[in-house]
Amino acid sequence: MKLANRLDKIPPYLFVEISRKIAEKKARGEDVISFAIGDPDSPTPEHIIRSLCAAAHDPVNHRYPETFGMPELCQAIAGWYRRRFNVVLDPAKEVLPLIGSKEGVGHMSFCLLDPGDVALVPDPGYPVYSISSLLAGGEVYYLPLVESRAFLPDLEVIPADILKKARVIWLCYPNNPTGAVAGPEFFEKVVAFAKKNDIAVCHDAPYTEVAFDGYRPHSFLETPGAKEVGVEFHSLSKTYNMTGWRIGMVVGNHTMVDALFRFKSNLDSGIPQAIQIAAIEALTGKQDDIPIRNQKYQQRRDKLVKALEEIGLKVTKPMASFYIWARIPSGYTSAQYTAELLDKAGVAVTPGTGYGKSGEGYVRLSITQPDDRFNEGIRRLLTLRAK
Ligand SMILES: *Cc1c(COP(=O)(O)O)cnc(C)c1O
């Protein structure tokens with residue numbers, strides 16, 4: 001069978017080697033503690049599950065959902081943005097619910113790129129930005145995120161010939177994988193840059209509600225003029241521990257929201273309605289599970305940062321997201337250090353290079369394991385302390 005050439009554009013899975021090693025260890029009956037995956041360990045709050053169950057029993061929700069998303073959900077999303085960020089959105093034109101934000105992120109590339117067009121993509125970054133750009137026939141120009149610039153890209157150094165071909169810039173703050181955050185001054189620069197060069201902005205923001213020490217992350221759409229140039233993706237996955245239910249949204253620029261709707265509506269038939277109803281409850285119901293959950297993450301963050309420092313890694317405590325981006329000791333590549341942690345401590349992390357070339361010299365650890373596993377992981381890491 002001959003498969004489409006575009007599938008060849010999907011780069012080889014970067015964690016092949018490490019995944020094979022983990023599988024081998026497990027096959028030998030050895031226990032591996034994984035700090036590799038960011039997926040909330042707390043359950044979805046009870047009031048949300050209750051509304052989901054009730055909705056599942058209602059036959060109205062057994063039929064095809066409305067493709068665009070229930071108007072009540074679009075209103076709930078607009079209401080949440082207004083309360084949380086003081087951002088005003090037209091629920092009919094500037095809001096589109098998604099089957100998880102990953103789906104929307106991936107499909108947006110197909111709405112913005114023709115062959116030969118360029119996507120500006122952060123390195124390190126969530127792999128979907130680059131892979132969807134390539135699948136859409138576009139080219140990728142990487143924007144290095146380096147520690148000396150607080151992991152914010154330098155928009156001034158992008159060559160003029162690239163800017164001419166660039167159609168979109170992808171950004172993500174609070175950032176996966178570095179845990180970095182961005183403030184209004186940076187977003188103002190982004191809006192000016194986008195206007196000057198006629199480049200669409202896609203801000204992927206699933207971690208705005210996972211923050212510590214009283215810090216409140218910003219929405220890109222708070223920035224004056226943002227809606228003229230871009231959209232923001234948000235998700236209920238990380239905010240309400242709902243990764244398993246698959247629901248998120250894109251909001252902002254009407255032309256981009258509408259383009260994504262036109263594209264998507266030919267591929268999917270909307271989000272199961274019971275899940276949309278659960279999302280309405282999540283966005284409009286009580287919000288007090290979030291600070292409690294963040295408090296728990298914050299304690300784990302502090303413990304993990306301390307343990308990593310004790311075994312010789314350099315870490316800046318993240319103010320948001322559930323990732324620790326740790327600089328490894330010199331003398332190792334990220335892949336070697338990852339293998340060493342697995343072999344010597346039975347602990348899995350992700351090599352920074354899994355997120356791009358500029359991730360060399362780092363590993364990423366997540367703080368989303370249940371406490372007993374998390375604490376066992378910390379204990380194992382500490383066995384590597386120089387004796
Ligand atoms: C988790 C994550 C997503 C996807 O979230 P879903 O809504 O579950 O699809 C998107 N972008 C980044 C950077 C993420 O870490």
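Each ligand, and each atom within it, is numbered from 1 in the order the structure gives. Any value given below was found using the heavy atoms of this structure, including those in side chains, with hydrogens, waters and symmetry copies removed.
- In this pair, Y173 and H203 present their aromatic rings parallel. The plane angle is below 30°, not in the 30 to 60° band.
- Proximity of F322 to P40: side-chain heavy atoms (C-beta onward) are separated by under 4.5 Å at one or more points.
- If you check which protein heavy atom lies closest to atom 14 (C) of ligand 1, you get K238 NZ, 3.2 Å.
- Using cut-offs of 30° and 60° on the angle between ring planes, the pair F374 and F35 is perpendicular.
- The aromatic ring centroids of F85 and W80 lie less than 6.0 Å from each other.
- Here the protein heavy atom with the shortest distance to atom 15 (O) of ligand 1 is Y207 OH, 2.6 Å.
- Assignment of R246 to the shell around ligand 1 is supported, since a heavy atom sits closer than 4.0 Å.
- Remark: minimum distance from atom 7 (O) of ligand 1 to any protein heavy atom is reached at S235 OG, 2.5 Å.
- Counting heavy atoms from C-beta on, the side chains of S321 and V210 never come closer than 4.5 Å.
- Summary of contacts: the protein heavy atom closest to atom 5 (O) of ligand 1 is S101 OG, 3.3 Å.
- Closest to atom 12 (C) of ligand 1 among all protein heavy atoms lies D204 OD2, 3.3 Å.
- At a heavy-atom distance under 4.0 Å, no atom of W245 approaches ligand 1.
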